[in-house]
Amino acid sequence: MATIASDEISEEENAEADADAKEEKGERRGKVRDRVALLPAACGQSVSDQQSLSDGAEADHGALLTIDEVLDLAGCGKFQVRLHAITGLGYMADTAELLFVTFLLPEFATMWPELSRPQLSLVPALSAAGALLAAPLWGLASDLHGRRSVFLGSLCLVVVAGLAGAAVSSFIAFLVTRVLVGAGLGGALTSTFVVFMEFCPTAQRGKGTMLLTLWGVLGVFYVGLCARFVIPAFG
């Protein structure tokens with residue numbers, strides 16, 4: 001009798017354990033389905049596509065998906081294309097801003113004839129110093145406040161300081177604006193790649209980095225055209 005009772009208790013415990021396991025598995029599947037359903041509509045996927053992804057995720061994973069897994073499931077879509085264009089144009093503007101000064105140094109010598117060559121060399125040197133000092137601060141700010149805020153804020157600083165530099169007539173004031181431009185570039189040049197890479201599927205990150213670099217080449221080409229045609233015509 002004792003053996004029969006023990007067997008019955010064991011069967012009940014096994015049944016309860018199976019029920020708990022099925023319930024836990026159902027909860028995990030539900031969480032996976034919810035996470036996959038959050039895939040951005042900008043990726044160009046329909047509801048049926050997301051349902052098939054959800055089924056595949058449930059088959060392959062018993063727990064929640066990681067961020068990289070979600071990006072891999074989403075693939076590259078319209079969102080990534082738009083983000084690539086935005087960050088690429090930002091990188092193009094950054095590289096152009098860096099190189100413009102080298103072509104304008106002879107014009108600065110004409111504008112401020114009392115300055116020596118070592119004094120004129122302060123223009124690119126202080127820009128680089130501003131970038132060197134500001135880059136770690138931008139990195140810390142991006143961790144605290146997000147990549148998007150740093151990307152847009154650094155680009156805005158470059159634009160405002162660059163326009164201010166075009167308006168001033170004093171060499172000291174111009175140096176101050178170049179330090180601020182360099183500070184903005186310290187955040188823009190680094191955050192450009194980070195912003196795009198964090199939304200890119202893992203298998204496409206190498207290709208994405210290469211394509212972003214091509215935007216920098218376009219920036220160099222743009223500066224060369226301006227140096228060839230604009231400076232001789234307008235000074």
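By the 4.5 Å heavy-atom criterion applied to side chains, Thr209 and Met197 are counted as neighbours. Ser169 is not listed as a side-chain neighbour of Phe174, based on a closest heavy-atom distance of 4.5 Å or more. Under the 4.5 Å side-chain criterion, counting only non-hydrogen atoms from C-beta, Leu71 is not in contact with Gln204. Using a 4.5 Å heavy-atom cutoff, the side chains of Leu155 and Thr192 are not in contact. Contact check for Leu218 versus Trp215: side-chain heavy atoms found under the 4.5 Å cut-off.
Contact detail for Leu180 and Ala161: the closest heavy-atom pair is CB-CB, 3.7 Å. Summarising the geometry of Ser154 relative to Ser191, their closest heavy-atom pair is OG-OG, 4.2 Å, with the distance given to 0.1 Å.
Between Leu104 atom CG and Thr102 atom OG1 the span is 7.5 Å, to the nearest 0.5 Å. Atom CD of Gln119 sits about 11.5 Å away from atom CH2 of Trp112, to the nearest 0.5 Å. Atoms CG and CG, on Leu115 and Leu105 in that order, are 11.0 Å from each other to the nearest 0.5 Å. To the nearest 0.5 Å, atoms NE2 (His84) and CG (Leu89) are separated by 10.0 Å. In this structure, CG in Leu152 is found 8.5 Å from CD1 in Ile86, a value given to the nearest 0.5 Å. Distance CG/Leu83 to OG1/Thr87: 5.0 Å, rounded to 0.5 Å.
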For residues 120-137, run the donor-acceptor check on the side chains, cut-off 3.5 Å, and write out each pair with its distance to 0.1 Å, sequence neighbours left out.
residue, atom, partner, partner atom, Å
Ser121, OG, Pro118, O, 2.5
Ser127, OG, Val123, O, 3.0
Ser127, OG, Arg178, O, 3.4
Ser127, OG, Arg178, NE, 3.4

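With hydrophobic clusters built from ILVMFWY side chains whose heavy atoms lie under 4.5 angstrom apart, Leu211 does not share a cluster with Tyr222. Hydrophobic clustering of Ile, Leu, Val, Met, Phe, Trp and Tyr side chains at less than 4.5 Å, counting indirect connections, keeps Val160 apart from Leu189. The same ILVMFWY cluster, assembled from side-chain heavy atoms under 4.5 Å apart, contains both Phe103 and Val220. In the hydrophobic cluster analysis, where Ile, Leu, Val, Met, Phe, Trp and Tyr join through side-chain heavy atoms closer than 4.5 angstrom, Val181 is grouped together with Val179. Note: the hydrophobic cluster containing Val101 does not contain Val176 (ILVMFWY, side chain heavy atoms under 4.5 Å, direct or indirect links).
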Could you walk me through whether Glu97 and Leu185 pass side-chain contact (heavy atoms from CB on, under 4.5 Å), step by step? CA-CA 9 Å; Glu97 180 64 40; Leu185 290 175; 4.2 Å; yes
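The backbone N or O of Phe151 lies less than 3.5 Å from no partner atom in the side chain of Trp138, so there is not a single donor-acceptor pair. In terms of modelled atom types and a separation under 3.5 Å, the side chain of Thr95 and the main chain of Met92 share a donor-acceptor contact. Side chain of Glu69 to backbone of Thr66: a donor-acceptor contact under 3.5 angstrom is found. When atom types are taken as modelled, the side chain of Gln80 and the backbone of Gly77 share a donor-acceptor pair closer than 3.5 angstrom.
For Phe108, the CZ atom counts as densely surrounded, since its 6.0 Å shell holds more than 12 non-hydrogen atoms of other residues, nucleotides or ligands. No more than 12 heavy-atom neighbours from other residues, nucleotides or ligands sit within 6.0 angstrom of CZ on Phe199.
Neither side chain, Asp68 nor Thr202, offers a donor N or O lying under 3.5 Å from an acceptor on the other. For the residue pair Ser142 / Arg147, a side-chain donor-acceptor distance below 3.5 Å is found, with atom types taken as modelled.
Aromatic rings of Tyr91 and Phe193 (six-membered ring for Trp) have centroids within the 6.0 Å cut-off, being under it.
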